[in-house]
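Working notes, structure below.
Chain naming here is simple, since letters A, B, ... match the order of the sequence lines and numbering starts at 1 in each. None of these values were measured; they are calculated from a predicted model.
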Amino acid sequence: MSIERLREAVKKILPEVDVVIGYRQGFDPLHATPYFISQPEQVDQLIWNPLCVQNLCSYLPFLKGKVGVIVKGCDSRTIVQYMQEKLIEREKIKVIGVPCLQVISVKKVMAKIDYQVAEEVAFEGENVIVKTPKETKTIPLAEVMPRKCLTCQLATPLQYDILAGEAIQANKPAEAFEEIKEFEQLSLEERRRYWEREFDRCIRCYACRNACPMCICQDRCVAESRDPHWTSQRANLTEKFMFHMIHSVHLAGRCVGCGECERVCPMDIPVAKIKKKISMDLKELFDYQAGINPDDLPPMYTFKVEEAKIKEHEL
Amino acid sequence: MAECGFLAKEKINTLIEALAKKFQVFVPVLEGEVVLFRGFESGKSLCLSRPANLPPKGIIFPASDVLFRFNFQKDPEDPKKVSVELKENRDFPLTIIFGCRPCDAQGFTIYDRVYLTPETVDPYYRERREKTTIITLACNAPFPGCFCTSVGRGPATTEGSDLLMTELEKGYLFVPITEKGKEIIKAAEFEDGSPYQEEAKKVQENAAALVRKPFEHLEKLPQKLLSLFENTQFWEKEAAKCISCGACTYLCPTCYCFNITDEQVGNTGERIRSWDSCMFFHFTLEASGHNPRPNKYHRLRNRVNHKFSYYPQKYNGVIACCGCGRCIRYCPMSVDISEIVAHAQGA
Amino acid sequence: MRVGVFICHCGNNIAGTVEVAKVAEEARKMPGVAFATTYMYTCSEPGQEEIKAAIAREKLDRVVVAACSPRMHELTFRRTVEKAGLNRYFFEMANIREHCSWIGEDKELNTNKAIEAVKIAVEKVKQNKPLFPSRFKINKRVLVIGGGVAGMQAALDCADGGLEVVLVEKSPSLGGMMARLDKTFPTVDCSICILGPKMVDVSQHEKITLYAYSEIEEIKGYVGNYQIKIRKKATYVDWSKCTGCGACVEKCPSRNAYDYFNFGVAPCRAINIPFPQAIPKKAKIDPKFCRQFTKGKCGVCAKICPVGAINYEMQDEIVSEEVGAIIVASGYGLIDLDKLPEYGGGRYPDVISGIQYERILNASGPTAGHIVRPSDHTEPKTIVFVSCAGSRDKSIGIPYCSNFCCMYIAKQAILTKDHIPDSQCYVFYMDIRSPGKGYDEFTRRAQEEYGVKYIRGRVSRIYPKGKKLVVKGADTLLGTQVEVEADLVVLATAVIAAPDARILAEKLHISYDPYGFYVESHPKLRPVETNTSGVFLAGACQGPKDIPASVGQGSAAAAKVLSMFSKDTLESDPQIARVNQNICVGCRKCIRTCPFGAIEEQELRDGRIVAKVIETVCAGCGICNSTCPCGAIQLQHFTDNQLLAEVNALCLT
Amino acid sequence: MSYLAGKELRIIGFLCNWCSYGGADTAGVARFKQPTDLRIIRVPCSGRVNPLFVVKALLNGADGVLVSGCHPRDCHYSEGNFYARRRLEMLKRLLPFLGIDERRFHYTWVSASEGARWQKVVTDFTKIIHELGPLHPKKESTE
């Protein structure tokens, strides 16, 4: 898809909305950053490439007035989930859909370039070319794909008012939760130690929470409140573990798998894994996937008198 | 002439092994893709190739510190009579922070002005600070987002360090900065470092030249920022993409804000001092439910102003930002404080 | 905080296996506990006095009693602390009897368990907040669902008590099942003769509004203030004009309509009046059979009707009523004959159900009271009654006893003998259940005076042989096989829940058992109450019942309503959900999950949408509380912090 | 922990007031002997039991957690246990993923009349927890 078409689309809807949320280059060529456009002249700075990773929909519930937003296929599940939960007024939102086959994981690129400063970044065919003071490195996009892209089924967004580009078909295998099933091969003890090791790094900066499009409590999160007093300020494992359980349980049946929680973690904790496990179970239990059908009901907020898949547990 | 020492690369571990006999030594290690400071255990391999994701500030200013424990005792005769006993938690071991970066070390000097001002000395901080020796590794290249030279510092600034090491082709040059640093040089086995000082100087200059300079001339900045205080439009624009998490402040070597809570179960409990962040809504939430900084732009404004306006005004011009770039590098939305400062200058 | 802890010996019930003195001693060490003691019987008058005295003497502001189950005495002690000037919710109970002293053998373990039970209660009570009930006005009208004998009794008692009653009956006439019976046991007096006057009283009572041929469409609101929507089904006859003269029925050309009132013993006309004593005595058209509807032309009744009451265009009508309480007397149903193939039910015309036989016996029934076989209208000489036809039979999911079959079989046998002196009745039975007053004597009379042959055993199968039906069964007393060649077989078909009992239950928010019978609040002590306050039960909707029991419950339910309405306002339980609107982020999840529709949106001045609890509707389940992600909505007296305090007390100390 | 170390383990039960708490009372009235480990927290409805209470208990020192409510369809509030069933099932499947044996958490339905059933539930569950042993061999310090 050409950047021109996107800029056109933005220019086209700008008069109808207060602001359009897109991307521009961040502090270096390897980092894109959300861009709030309210003036036509800003549009020239707008960019679109696999570095545009952030899920811009996360801003929507907190913005008043009419808003335009650039939405990738994966991000569009956020819109759908907001609709399910009536967290946005869809008619107040102008969704500019962008076809997308993959973004890239900046963390993975950083690892490939030894965490040097990226001076230039270019995309050629299936590669991303990164120039650092030391070297110029050509990296196949496939090698720096974030996990969510590996099983992406939504090359074209589920929801859009304008599609900047041609609708395209996803070219990835469907989610089979291999990663989860693999992990479940480990012994209980190993799993326990794994999480203790990972959560031990948590500094409770709440980046995962605040970047999560479904964490709509934000400032009111129970993780910081004293009433209710679910967690203390202790920096011990129990409290860190508890916080991540709160996040995961609150996301049960709501997580749209955008992976923001994991992407933004400065300590590189695989926090999306737990949510994915829950999503896997709820899919099996209730044949439910968050953010696919606007008319669905999140499974934790409804029930059936006879639950086909829940058997009584015997002791 | 300071008798500086030189050590071949492969000897680094031996050095630390030796130090570890007398001190508890914190070293940067690799966990997954994350570099962070952990207590040294022999066999553990160091990661000196890049700055730690999380600066070592927690070693002197813990993320959560039990200041004291309290214990209520009840008179078995008359349960209405209750006495309380306090146990302070203040005996800390001699400590070495090994391999942090100049910016990390400077962070502590920012704290010192606050926690060691004679009229309000923080005993917990002082105790740890005095017992800690900081061995810093100069950067021989900048890292994504960092801008130390713009805030009047550099990849080899010595301020805050006790001993500055520079990576050279064959090994590391150790230049003592303080008495504590000299002690280390004396204590351990070093070759004479003087022949390597030239090479070190070059390495350091090269590095400094490569560091990006998003802004300069900070003299007028404190005043300028104050004049922008009421400019809601400016701050709302800058804060639009901020998601108000605490990554920037918790990863910041100069952020020193804390919260104090008592946690009691049964008759015993603890008073805990834990990191807090001005980016959080709860930071300024008052008991009444009123919050003077209800919006994220209020909070971002405070973070910028604290570092570039309030602090320098209080402490003769010293900027409370060491330019390590972590808040930029790790910001979920790539909010760039250096860009905001530049915008402020231009506004 | 100054918590007082009172540990009850309960005679030896607790002290026998728990060292109460040790519990008190440990309690004194607990944070916030200012006083702890033991007492022989804390719930006794002096025991309560002791608590009051201690509250005053020790300046206690919270009280914990460690004794029996709170389900037993929580209210008692709440009143006690209230009398002593504390808020009644500054009280907690530790159950160290049912959950401790009575179930554990090891005294040391029991004592320790009791100590921890006290610890939990102490930590909880310290978190408790004073709560105050609010009062709300009640609408002193009552809705009675079902115009059978139970419903009518309830309606009349309420109306005589001065209440306005709305009576909704889903069939075209009052009377229910009893109106179909010929005689009643054990007095063998004419059913309709004793029921008729009641029906008349109901229809003429100025305080009773009767909606016949109507059903409950929707129920909104809460105890004291319900809004009811009633569907008046189309009869296609303007009842305000219809005089019940019956001319239309005479002339109706469609003669093969199903006769619901007579359980299809014989067909009836498409337009009909269910029975001579029907109230209201009005005609109605069954569009399934009426030619005007099926063929689109006929109109005979419209031509014949002297008052022009026929209206083929009539539509269902929805009317609204407001009431303060509801009595459910929706009655029961009967298992279909074809559910009993081994008895040839549904296949052989001369195998009929007990209720059908009642209609055959009845002088105003389709056979004008002459006992004839449905197949060839000849008089049967040998009649076999099969009891427990479906009842007490797990294989078809009816393990329970239908309660009154044994009795009506005896009655029907006696009546048969009266009608046909040279007839012989046989009864196949499992047990004869006749515990009522004069009941057993009655069944004996059937055997001893009327020569009814009772055979103890199940019938294995029934098959036709020429004009007769062979009934094969075992005589378990003689241990022999028996075969009876019968002219007519009467099956005492099992009593089941009314067809749409479940649908109604869901509208009422009351629970029902696996068979669809409504569940009372307590099987012994609250037999006519339900768990939904303001909704009461009467008659067989709660389980198979005979007439006197149903009438008794009708009156009981009425008495409950009358006593509830003896006050002008009701006190609402303050243990309900409350929203901290500062915290609420308006995600609406609580609204979606509340079973009672007790939470609504509210827009604040700053435009924020937040949740708001309708105090009188909230039942205090706390689903919203566990649903709310930010803990803004908290169930009072069971808040997160209160429960966390209990968890922490157990985990962290 | 002030439970009798060696003899008991820490087992916490969340019981709905209307059915299971009554069932436990019924068991008591009938003197149905049970192991003493269980500590009961009374809640109005199983629907009140936020799965996070279970997590909180297990993370902070409980060796087993039991949740018991009214049988489906018998909920005093008509729907509470339906929500509980979904949420607790989700949790039961999640726990082993975190390395906590799912047998340490059991949820079931016991009515006020099922004293014998309650006795069995408590006895069997306690037995299982004792087979599994303590979840926190050395209790973590609070720093």
Selection from B:Phe143, B:Tyr330, B:Tyr250 maximising heavy-atom pairs under 4.5 Å formed with chain A: B:Tyr250

Measuring heavy-atom distances to chain A, does B:Asn295 have an atom under 4.5 Å in its side chain, in its backbone, in both, or in neither? neither

Taking only residues two or more places apart in sequence, or in another chain, which ones meet A:Gln218 in a side chain to side chain contact (heavy atoms under 4.5 Å, CB included)? A:Phe62, A:Asn210, A:Cys215

Any pair with a residue in residues 53-67 of chain A that passes side-chain hydrogen bond (donor to acceptor under 3.5 Å, both in side chains), sequence neighbours left out, goes on the list, sorted by first then second residue, please. A:Asn55-A:Thr78

For B:Glu169, is the CD atom crowded, meaning more than 12 foreign heavy atoms sit under 6.0 Å from it? no

Which region of A:Ala118, side chain (C-beta onward) or backbone (N, CA, C, O), has a non-hydrogen atom less than 4.5 Å from a non-hydrogen atom of chain B, or is it both or neither? neither

Intermediate values then yes/no, side-chain contact (heavy atoms from CB on, under 4.5 Å), B:Asn53 and A:Arg201: CA-CA 11 Å; B:Asn53 295 50; A:Arg201 290 202 302 276; over 6 Å; no

Ranked by heavy-atom pairs below 4.5 Å to chain A, first place among B:Pro144, B:Pro62, B:Ala63, B:Gly325 goes to B:Pro144

Hey, what do you get for CD (A:Gln233) to CD1 (B:Ile272), rounding to the nearest 0.5 Å? 8.0 Å

Pairs of heavy atoms under 4.5 Å with chain A: top-ranked of B:Glu33, B:Lys237, B:Arg329, B:Glu339: B:Glu33

B:Ile328, part contacting chain A, at a heavy-atom distance under 4.5 Å: both

Between B:Asp336 and A:Phe27, the two heavy atoms sitting closest are OD2-CB, 3.3 Å

With a sphere of 6.0 Å drawn around CD of A:Glu182, does it hold more than 12 non-hydrogen atoms of other residues, nucleotides or ligands? no

If one checks every heavy atom of A:Asp28 against chain B at 4.5 Å, the contacting part turns out to be side chain

For A:Thr33 and B:Lys241 the tightest heavy-atom approach is OG1-NZ, 2.7 Å

Less than 4.0 Å between a side-chain N and a carboxylate O, is that true for B:Arg212 and A:Glu119? no

Contact class of B:Asp65 relative to chain A, heavy atoms under 4.5 angstrom: neither

Chain A contact via B:Ser274 - side chain, backbone, both or neither, heavy atoms under 4.5 Å: side chain

Which answer fits B:Leu210, side chain, backbone, both or neither, if we ask what part of it has an atom under 4.5 Å from a heavy atom of chain A? neither

What's the separation between atom CZ in B:Arg50 and atom CE in A:Met110, rounded to the nearest 0.5 Å? 8.0 Å

Less than 4.5 Å to any heavy atom of chain A: does that hold for the side chain of B:Ser244, its backbone, both, or neither? both

Most contact-rich option vs chain B, by heavy-atom pairs under 4.5 angstrom, among A:Lys134, A:Arg220, A:Glu198, A:Lys107, is A:Arg220

If you count heavy-atom pairs within less than 4.5 Å of chain B, which of A:Ala207, A:Ala32, A:Gly26 leads? A:Ala207

Nearest non-hydrogen partners of B:His282 and A:Asp219, listed with the distance: CE1-O, 2.9 Å

Using atom types as modelled and distance alone, determine if a side-chain donor or acceptor of A:Arg263 lies under 3.5 Å from a backbone N or O of B:Pro332. yes

Starting at CD of B:Glu238, measure out to CZ of A:Phe36 and round the result to the nearest 0.5 Å. 12.0 Å

Gap between atom OG of A:Ser225 and atom CZ of B:Phe281 - 0.5 Å precision: 12.0 Å

Quick check on the interface: out of A:Arg209, A:Glu260, A:Arg204, who has the most heavy-atom pairs with chain B under 4.5 Å? A:Arg204

